[in-house]
Amino acid sequence: MNAAVSALRPAPANAATQPALTDALRAAVGAKSAAALVLLREAVAEFGANATNGKLAFANSFGAEDMVLTDLILSNALPITVFSLDTGRLPAETYSLIGEVERHYGSKLEIYFPDAGAVETFVRSHGINAFYDSVELRKACCGVRKMEPLRRALAGRKAWITGLRAAQSVTRAGLPVRETDTANGLEKLNPLTDWTETEVWAYIRINEVPYNALHDQFYPSIGCAPCTRAIALGEDVRAGRWWWENPETKECGLHVKES
Ligand code: SF4
């Protein structure tokens with residue numbers, strides 16, 4: 001298309017970040033957030049969490065779903081540890097959001113970093129962008145930058161909370177509200193599993209929750225900068241993650257079930 005014509009064409013509305021807040025949608029979000037809050041409070045009671053040495057933790061990756069859970073936990077002062085993984089390759093917008101979240105809620109997040117020696121060894125052996133070369137090397141990079149720090153973050157916990165939704169991808173279809181994470185040896189709670197993407201964004205708009213600026217640029221799912229791209233209208237919400245791979249391989253290992 002000629003550049004002049006393309007410049008005249010209005011940018012398509014980003015339906016994910018501009019939900020029409022109808023009464024029905026507000027009611028659905030109100031009911032689902034109340035149910036999620038009940039589940040979180042039951043988890044606090046069951047796992048005896050407290051904010052400083054909590055046995056119950058929430059893994060915050062700063063995606064839209066995770067911002068809903070961050071808001072539910074921190075706005076209600078629930079004694080749940082909120083932690084995040086900094087892989088060292090996050091987009092600048094995610095680092096901005098981390099600071100914004102800490103200011104907005106007046107709360108410091110617990111951030112885990114990869115082992116520096118392991119990253120150095122991996123990069124010297126395979127190259128700085130080895131994840132593009134094969135699925136194996138991509139998974140190895142996720143192993144060093146995400147899985148090992150996650151194991152440390154989960155050590156000593158009884159349960160962890162995620163913002164996963166069943167509708168996010170083929171690898172998450174049928175996701176239960178609660179499951180046993182056999183790989184990490186603890187319970188895993190997915191309070192938003194039955195939420196739609198529209199409900200997630202409606203919650204964010206209604207409650208004025210901070211979110212990643214990349215979402216306004218057609219990034220529905222955001223991970224590390226070199227492994228995430230914007231999606232086109234109609235594409236699967238996870239299509240921008242590891243876009244060079246088949247959908248069946250697209251998990252980083254954080255949420256893979258053992259068979
Ligand atoms: S998402 Fe990409 S850069 Fe980040 S840990 Fe995985 S392979 Fe490495």
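Just follow the structure's listing: the first ligand is 1, and inside any ligand the first atom is 1. Index from 1, following the sequence.
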Requested in this report: Would you confirm whether K32, through its side chain, and D194, through its main-chain N or O, come within 3.5 Å as a donor-acceptor pair?
Outcome: yes

Query raised in the report: Which ligand 1 atoms does C227 reach within 4.0 Å, using its non-hydrogen atoms?
Result: 1 (S), 2 (Fe), 3 (S), 7 (S)

Report task. Taking only heavy atoms of R138 into account, list the atoms of ligand 1 that are under 4.0 Å away from them. Result -> 7 (S)

Query - Heavy-atom side-chain contact between L164 and T193 under 4.5 Å - result: no

Report task. Quick one: look at R145 and ligand 1, take heavy-atom pairs under 4.0 Å, and tell me if it's side chain, backbone, both or neither. Result -> side chain

Report task. Scan side-chain atoms only and decide if Y95 and E93 contain a donor-acceptor pair under the 3.5 Å cut-off. Result -> no

Report task. State whether a side-chain donor-acceptor pair under 3.5 Å links Y211 with R205. Result -> yes

**Report entry** L137 versus F122, closest heavy-atom pair with distance
**Finding:** O-CZ, 3.6 Å

Query raised in the report: Counting backbone and side chain alike, does C224 bring an N/O/S atom below 2.8 Å of atom 2 (Fe) of ligand 1?
Result: no

Query raised in the report: So, is C142 placed with an N/O/S atom under 2.8 Å from atom 6 (Fe) of ligand 1, counting both backbone and side chain?
Result: yes

Report task. Examine C141 and say whether one of its N/O/S atoms is closer to atom 8 (Fe) of ligand 1 than 2.8 Å. Result -> yes

Requested in this report: Evaluate the criterion side-chain contact (heavy atoms from CB on, under 4.5 Å) for residue pair E187 and R178; output intermediate values, then yes/no.
Outcome: CA-CA 7 Å; E187 290 299 291; R178 177 170 176 163; 3.0 Å; yes

Query raised in the report: So between F122, W242, Y132, whose heavy atom ends up nearest atom 1 (S) of ligand 1?
Result: W242

